[in-house]
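Beneath this line is the structure, given in structure tokens, with notes to follow.
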Amino acid sequence: MKLIKTKDYDEMSMKAAQIIINKVRQNESATLGFATGGTPIGTYDLLIKDFKQNCTSYEQINSINLDEYVGLHSTHPSSYRYFMHNQLFKHINISPENIYFPDGTAEDLQLECERFENVIQNLGGIDLQLLGVGQNGHIGFNEPGTPFHSVTHVVELTENTRKVNSRFFNHINEVPYKAITMGISSILKSKHILLLVSGEEKAEVMQRLLSEDVHDQLPVSVLKKHPHFTVICDEKALKGVKV
Ligand code: F6R
């Protein structure tokens with residue numbers, strides 16, 4: 001595990017964007033794994049800025065998103081597809097046919113999970129997977145207790161995750177109870193994993209990541225087993241943490 005400490009959120013976003021841009025420049029048909037949530041927004045803003053200024057091209061890039069709510073169509077403002085379209089995709093020259101998401105509106109969700117897992121494999125795996133982490137250590141929607149061998153699957157969201165995510169909805173009642181997420185083993189197959197951690201509310205999970213052994217009650221801890229795992233973390237998320 002490589003830990004990059006940054007002064008603040010902006011510097012974290014800058015370092016993450018630089019790693020992604022370098023990957024795209026080295027390999028114009030790379031497969032990038034993206035996450036939603038608040039943490040990567042600054043990084044996406046910088047990718048857009050770079051695209052406008054330096055014309056880094058995403059034309060042949062494939063993008064795969066980690067997860068999606070069950071029941072939300074891509075036109076729903078709180079769906080992850082909608083989020084990614086607005087925060088990143090509509091601002092760069094990525095080809096719509098190269099954008100992959102689990103479909104939370106599929107009739108047969110089990111089949112959809114299998115289809116999505118095959119998509120990842122058929123693209124030759126993910127070259128660089130961007131991740132955020134939940135306060136309880138979840139990655140994607142893999143909540144504590146998720147087996148490390150899990151592949152793409154349907155999950156019941158915990159009340160805590162629904163509450164935290166309700167900030168992206170008008171009301172907590174609108175937050176779906178289920179989602180499709182890449183599994184832990186699907187995530188671990190990525191060639192490089194880039195975890196972004198920012199803010200005081202992540203200090204406890206950061207402390208746990210650095211001090212606890214790998215165990216399934218702290219899903220993010222499994223990333224320490226990955227041979228190419230980078231964490232970019234700001235000072236607030238390292239508050240009280242001895243490194
Ligand atoms: C998002 C995702 C989640 C978030 C995590 C942190 O696609 O899979 O695991 O990365 O909940 O969210 P933020 O960044 O909002 O703190």
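These numbers were taken from a predicted model, which means no experiment stands behind them. All heavy atoms count here, side chains included; hydrogens, waters and symmetry mates do not. All residue numbers in this chain count up from 1 along the given sequence.
- No side-chain heavy atom of Thr181 sits under 4.5 Å from any side-chain heavy atom of Thr152.
- When side chains are defined from C-beta on, Thr105 does not count as touching Leu72, because their heavy atoms never get closer than 4.5 Å.
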CA sep, side-chain torsions, deciding dist, call: Ile61, Asn98, side-chain contact (heavy atoms from CB on, under 4.5 Å): CA-CA 7 Å; Ile61 291 292; Asn98 293 346; over 6 Å; no
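- Hydrophobic clustering of Ile, Leu, Val, Met, Phe, Trp and Tyr side chains at less than 4.5 Å, counting indirect connections, unites Phe169 with Ile41.
- Residues Tyr58 and Phe89 place their aromatic rings such that the two centres sit no closer than 6.0 Å.
- Taking all atoms of both residues into account, the shortest heavy-atom contact from Leu109 to Asp103 is CD2-O, 4.2 Å.
- Using a 4.5 Å cut-off between side-chain heavy atoms of Ile, Leu, Val, Met, Phe, Trp and Tyr, with links allowed through other members, Val205 and Leu3 fall into the same hydrophobic cluster.
- A donor-acceptor pair under 3.5 Å is absent between the side-chain atoms of Arg81 and the main chain of Thr75, judged by distance alone.
- Not less than 6.0 angstrom separates the ring centroid of Tyr82 from the ring centroid of Phe168.
- If you chain together hydrophobic residues whose side chains sit under 4.5 Å apart, Leu128 and Val220 never meet in one group.
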Test log, rule side-chain contact (heavy atoms from CB on, under 4.5 Å), inputs Met182 and Ile126: CA-CA 12 Å; Met182 251 188 228; Ile126 295 168; 3.6 Å; yes
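- Note on ring orientation: taking the six-membered ring where Trp is involved, the planes of Phe34 and Tyr44 are perpendicular (angle over 60°, cut-offs 30° and 60°).
- Side chain of Ser63 to backbone of Ile99: no donor-acceptor contact under 3.5 angstrom is found.
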Verdict with supporting geometry, Phe116 and Phe101, ring-ring contact (aromatic ring centres under 6.0 Å, His included): CA-CA 8 Å; Phe116 188 70; Phe101 272 83; 8.2 Å; no
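- A donor-acceptor pair under 3.5 Å links the side-chain atoms of Thr158 to the main chain of Thr161, judged by distance alone.
- Other residues, nucleotides and ligands place more than 12 heavy atoms under 6.0 Å from the NZ atom of Lys191.
- The 12-atom threshold is not exceeded at CD of Glu107, counting heavy atoms of other residues, nucleotides or ligands nearer than 6.0 Å.
- Remark: Lys189 NZ is packed, more than 12 non-hydrogen atoms of other residues, nucleotides or ligands lying under 6.0 Å away.
- Centroid-to-centroid, the aromatic rings of Tyr80 and Tyr69 come within less than 6.0 Å.
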Chi angles and distances behind the side-chain contact (heavy atoms from CB on, under 4.5 Å) call for Ile172, Asn165: CA-CA 8 Å; Ile172 187 159; Asn165 287 8; over 6 Å; no
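- For Glu174, the CD atom is densely surrounded, since the number of other residues' heavy atoms within 6.0 Å is greater than 12.
- Ile187 and Phe141 end up in different hydrophobic clusters when Ile, Leu, Val, Met, Phe, Trp and Tyr side chains are linked at under 4.5 Å.
- With contacts defined as side-chain heavy-atom distances shorter than 4.5 Å, the pair Val151/Glu114 does not qualify.
- A pairwise comparison of heavy atoms in Met1 and Leu210 identifies CE-CD2, 3.1 Å as the closest pair.
- Nearest heavy atom pair, residue Cys233 against residue Met206, reads SG-CG, 3.7 Å.
- Formation of a donor-acceptor pair under 3.5 Å by the Lys224 side chain with backbone atoms of Leu209 is found in this model.
- By the 4.5 Å heavy-atom criterion applied to side chains, Val164 and Arg167 are counted as neighbours.
- A continuous path of hydrophobic side-chain contacts links Phe51 to Leu88 [ILVMFWY only; heavy atoms under 4.5 Å].
- Counting heavy atoms from C-beta on, the side chains of Val24 and Asn22 never come closer than 4.5 Å.
- For the pair Ile19/Ile232, a side-chain contact is recorded, criterion being any heavy-atom separation below 4.5 Å from C-beta on.
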Salt bridge (charged side-chain N to carboxylate O under 4.0 Å, His left out) between Lys239 and Glu200, intermediate numbers included: CA-CA 7 Å; Lys239 202 178 164 204; Glu200 250 174 72; 3.6 Å; yes
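- Other residues, nucleotides and ligands contribute at most 12 non-hydrogen atoms within 6.0 Å of the CD atom of Glu28.
- Residues Cys113 and Pro102 have side chains not in contact (no heavy-atom distance under 4.5 Å, counting atoms from C-beta outward).
- No side-chain donor from either of Thr36 and Asn65 sits under 3.5 Å from a side-chain acceptor of the other.
- Between the side chains of Asp50 and Asn54, at least one donor N or O sits under 3.5 Å from an acceptor N or O.
- The backbone N or O of Lys23 sits nowhere less than 3.5 Å from a side-chain atom of Asn27 that would complete a donor-acceptor pair.
- In this structure the side chain of Asp213 never reaches within 4.5 angstrom of the side chain of Ser221, judged on heavy atoms.
- Rounded to the nearest 0.5 angstrom, Thr31 OG1 and Asn122 CG are separated by 11.0 Å.
- Of the inter-residue distances, the one linking Leu195 atom CG with Leu130 atom CG reads 8.5 Å to the nearest 0.5 angstrom.
- Here the closest non-hydrogen pair linking Gly104 and Ile180 is CA-CD1, 4.2 Å.
- Side chains of Ser198 and Asp234: a donor on one and an acceptor on the other come within 3.5 Å.
- Rounded to the nearest 0.5 Å, atoms CG (Asn62) and OG (Ser29) are 7.5 Å apart.
- The number of heavy-atom neighbours closer than 6.0 Å to NZ of Lys225, taken from other residues, nucleotides and ligands shown, is 12 or below.
- Interatomic distance, Leu131 CG to Thr230 OG1, rounded to the nearest 0.5 Å: 11.0 Å.
- Judged by distance alone, the side chain of Tyr9 and the main-chain N or O of Thr39 form a donor-acceptor pair under 3.5 Å.
- The NZ atom of Lys15 sits 12.5 Å away from the NZ atom of Lys5 when rounded to the nearest 0.5 Å.
- The nearest pair of heavy atoms linking Leu46 to Ala17 is CB-CB, 3.7 Å.
- A side-chain donor-acceptor contact under 3.5 Å links Glu117 and Ser186.
- Interatomic distance, CD1 of Ile94 versus CD of Gln60, reported as 11.5 Å (0.5 Å rounding).
- If you check the side chains of Asn86 and Lys90, you find a donor sitting under 3.5 Å from an acceptor.
- Smallest separation of non-hydrogen atoms from Pro219 and Asn142: CG-O, 3.4 Å.
- Not a single donor-acceptor pair under 3.5 Å links the side chain of Ser95 to the backbone N or O of Glu97.
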Pair Ser79-Glu68, side-chain contact (heavy atoms from CB on, under 4.5 Å): steps then yes or no: CA-CA 7 Å; Ser79 74; Glu68 181 59 282; 3.8 Å; yes
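- Heavy-atom contacts from other residues, nucleotides or ligands closer than 6.0 Å to CD of Glu11 number more than 12.
- A distance-only check finds no donor-acceptor pair linking the side chain of Ser190 to the backbone of His192 [under 3.5 Å].
- Counting only N and O atoms by type, the side chains of Glu143 and Asn136 include a donor and acceptor under 3.5 Å apart.
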